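Take a look at the structure set out below.
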Amino acid sequence: MAFPLNPAQKAAVEHPGGPLLIIAGAGSGKTRVITQRITRLIEHGNPANTIFAVTFTNKAAAEMAERLEHQVGKIAHEVWISTFHALGAEIVRREAKHVAAGEKFIVYDAADTLGVVKEILRDLKLANKSLDAGAILARISHAKNALIDVEKMPVTSDYDEVAVRAYPKYIQTMKRLNALDFDDLILVPLRLLREVKEIRERWHQQARHLLVDEFQDTSIAQLLFVQSLAGPRKEVFCVGDDDQSIYGWRGAEVKNVIEFAKYFPGARTVALEQNYRSRQPILDVANAAIAPSERAYPKKLFSDKKQGDKPVLVECDTHESEVRFVMDTMNQAMRDGLKRSDIAVLYRSNGLAKPFEEALRLANIPYKLIGGTSFYERREVKDLTAYLRLAVHLQDDLAFRRVVNYPTRGIGDTSFERIERHSRARGLHLFEASRNWHAIKDLDDRAGRSLENFVKLIEAARARIEGGEPMLDVGKSIATEIGLYADIMAAGPTEATATKRWGNIEDFYKTLEKMPAKGLKEARSALAKLSLRFSEEEEEEGQKVILSSLHGSKGLEFSLVFLIGCDDGIIPHSRVDNPKATDIQGTLDPAEERRLFYVGLTRAKDKLYMMRAKTRAYRGGAKPMMASRFLRDIPPDMYERRSYSGPPIMGTTDMAAKAKAAREMLAKLKGGGAAP
DNA sequence: TAGTGTGTTCTTTTT
DNA sequence: GAACACACTA
């Protein structure tokens with residue numbers, strides 16, 4: 001990065017003032033432009049704490065902070081660098097007096113909110129219809145993101161209808177739980193800024209310069225949030241790439257980029273097209289792949305690195321040989337001296353990673369899985385978190401429900417229903433209702449005493465946290481008291497997975513260790529940040545091969561990239577052609593799938609393999625696959641083509657066969673049916 | 001009430 | 001072919 005800024009980058013960094021939109025092609029050095037811009041603002045006398053840089057992921061925020069520190073030193077810590085959601089949470093926390101949820105709010109993640117919706121569906125007596133709660137939640141979230149009121153929600157299907165009925169109940173429930181979902185973390189601050197003059201003025205005073213990364217991923221709510229936060233000064237510096245807009249399903253509006261000047265009159269635009277990442281042959285393929293896309297800002301990336309291998313399309317006969325080819329090729333590359341962390345396997349959906357994980361484990365190659373179920377969403381971690389959450393936030397009925405009978409302590413469904421009925425009748429939270437179980441109708445003594453112990457456990461934990469004891473100590477003693485270790489080990493299914501689960505708990509201890517020991521309020525906000533994946537669990541930044549979904553790979557780069565599953569139905573996803581009424585728009589946007597493909601291609605610096613398989617495992621059997629339609633848009637002379645039908649990895653089949661044999665043996669031993 | 005067995009449904013991406 | 005939900009039995 002010792003290169004001087006190119007003219008376009010320079011124009012952006014030295015922009016005199018007013019709203020600016022930077023169309024930054026993949027690998028065009030946008031992070032550098034942002035950090036340089038901040039550096040310049042500081043050098044021109046702007047106090048660091050009046051500069052706000054907003055990203056979408058904690059990873060991006062961390063990287064930006066690190067780079068900035070490199071440039072300006074310790075003063076970088078004073079710049080507000082955070083994700084949209086973390087900034088929103090911070091504003092809510094600081095302006096708690098004006099928020100209904102008050103300072104006692106708790107952040108509900110996707111799993112939590114899904115639980116809320118499921119409960120509402122139960123209440124609406126619709127659960128039997130086997131409704132997909134996720135589809136309802138998606139509609140609610142979509143409405144929130146687009147700032148659509150209940151009355152104005154579109155109703156064109158049964159699902160829409162249910163969503164309309166569920167929406168007000170959802171708001172009501174969240175309010176009762178004192179919970180904010182991810183959308184609220186944007187919406188609530190937006191409302192505060194709009195409606196409360198005092199708050200508006202305070203933040204306009206504070207946020208003098210706003211820099212937004214990945215602007216193409218902003219939703220309407222986020223755009224308005226940026227607008228409101230910037231105020232009349234409109235010092236907004238937004239960087240985005242319409243070609244990399246891949247979060248439409250989450251409410252992102254490319255329109256925010258395309259109609260930027262509408263929202264920020266007088267805005268200027270700068271385009272960055274020089275790519276500093278990839279070799280030209282890779283860019284040729286990427287440019288060709290994205291070309292058919294309808295684009296507001298057509299770009300043709302170019303590189304100084306003219307030399308390089310053409311990307312390779314490898315057609316494997318099965319998905320097993322796909323794994324084999326990738327493993328062999330990556331091993332060779334490592335023997336040639338390539339670092340593990342310079343190698344990535346990318347895929348459209350997380351399920352595709354499994355065989356690679358297995359193969360890497362078998363080969364003893366360390367790997368890092370990006371995305372997938374987050375660490376904090378692991379069941380065992382959530383269980384322990386729920387105990388802590390309940391302790392600091394007694395009205396968290398969802399947490400209560402999760403742990404009141406985990407590990408099993410004799411409070412089954414019937415008992416739970418009795419507690420619930422009682423609490424509803426009295427308008428109490430579940431925990432409050434449990435405090436004197438004698439009052440609960442029909443609750444038998446056994447369950448009652450058990451409940452009493454549970455209440456004591458939680459209250460003891462609460463008292464200790466209140467008294468300023470470290471979260472780690474409290475967490476550990478809860479784990480001991482409930483016999484978490486024994487329970488995890490007993491639950492299996494295999495000893496290996498149980499050990500891994502317990503390992504997750506031990507990793508979680510490291511997170512707890514970092515939490516402040518200053519009483520309930522601090523503990524609450526530390527726990528709230530867990531949902532935002534705030535804390536960095538990435539201590540061991542070792543040398544690891546990267547496995548990532550295409551979504552998770554945005555912003556990253558690798559010398560060697562294997563884009564697996566370049567088959568039709570994988571990318572683009574089959575739901576492009578199979579409209580299913582349960583989805584928001586009914587179907588997936590093929591244009592977004594193309595951009596996703598493009599994002600994958602542009603991750604590669606030196607060598608790119610596009611992998612596909614003629615048949616893939618599908619519900620047991622083998623399904624024949626066709627090449628991705630996107631490959632047809634790439635002129636054949638731009639890439640090399642190979643066929644591969646190597647044997648599957650020994651170990652994998654071995655293991656599978658052994659497991660199968662073991663299962664059959666077990667079945668036999670248990671007597672009864674003869675195996676065919 | 002808890003644990004086991006049987007049937008059913010899957011596979012989109014994530015702050 | 002696995003994970004999950006549900007029903008059934010001890």
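Predicted model, so just to flag it, every value in this text is computed and none were measured. Order of the sequence lines fixes the chain letters, A, B, ..., with proteins taken first and strands second; residue numbering starts at 1 for each chain.
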- Message: Could you tell me if A:T218 and A:N256 have a donor-acceptor pair between their side chains, going purely by distance under 3.5 Å?
- Response: yes
- Item | Sequence-distant partners of A:Y618, ring-ring contact (aromatic ring centres under 6.0 Å, His included), two or more places apart | none
Between atom [atom1] in [X] and atom [atom2] in [N], what is the gap in whole Å?
X: A:D112; N: B:dT15; atom1: CG; atom2: P; value: 15 Å
X: A:F597; N: B:dT12; atom1: CZ; atom2: C1'; value: 17 Å
X: A:F56; N: B:dT13; atom1: CZ; atom2: P; value: 19 Å
X: A:L346; N: B:dT12; atom1: CG; atom2: C1'; value: 16 Å
X: A:H319; N: C:dG1; atom1: NE2; atom2: P; value: 10 Å
X: A:K354; N: B:dT12; atom1: NZ; atom2: C1'; value: 15 Å
X: A:D568; N: B:dT11; atom1: CG; atom2: P; value: 21 Å
X: A:I564; N: B:dT13; atom1: CD1; atom2: P; value: 13 Å

- Message: Mind checking if A:N405 touches a base, just sugar-phosphate, or nothing, with heavy atoms under 4.0 Å?
- Response: sugar-phosphate
- Base, sugar-phosphate alone, or nothing: which one does A:F182 contact when heavy atoms must sit under 4.0 Å apart? base
- Task: Tell me whether A:W249 is stacked on the nucleobase of B:dT13, counting only the six-membered base ring and applying the 5.5 Å and 30° thresholds.
- Result: yes
- Message: Taking C:dA5 as the reference, what is the distance to B:dT12 when you measure between their C1' atoms (whole Å, please)?
- Response: 22 Å
Is the distance from OP1 or OP2 of [N] to the nearest side-chain N or O of [X] less than 4.0 Å?
X: A:N350; N: B:dT14; answer: yes
X: A:T57; N: B:dT14; answer: no
X: A:R348; N: B:dT12; answer: no
X: A:H573; N: B:dT12; answer: yes

- Query: Is A:R595 salt-bridged to A:D242, going by a charged N under 4.0 Å from an acidic O?
  - Reply: no
- Item | Partner set under side-chain contact (heavy atoms from CB on, under 4.5 Å) for A:S434, not counting sequence neighbours | A:F400, A:I419, A:L451, A:V455
- Query: How are the rings of A:H85 and A:F182 set relative to one another: parallel (under 30°), tilted (30 to 60°) or perpendicular (over 60°)?
  - Reply: perpendicular
- Does A:Y618 or A:F416 map to a spot on DNA chain B nearer the 5' end, using the closest nucleotide for each? A:F416
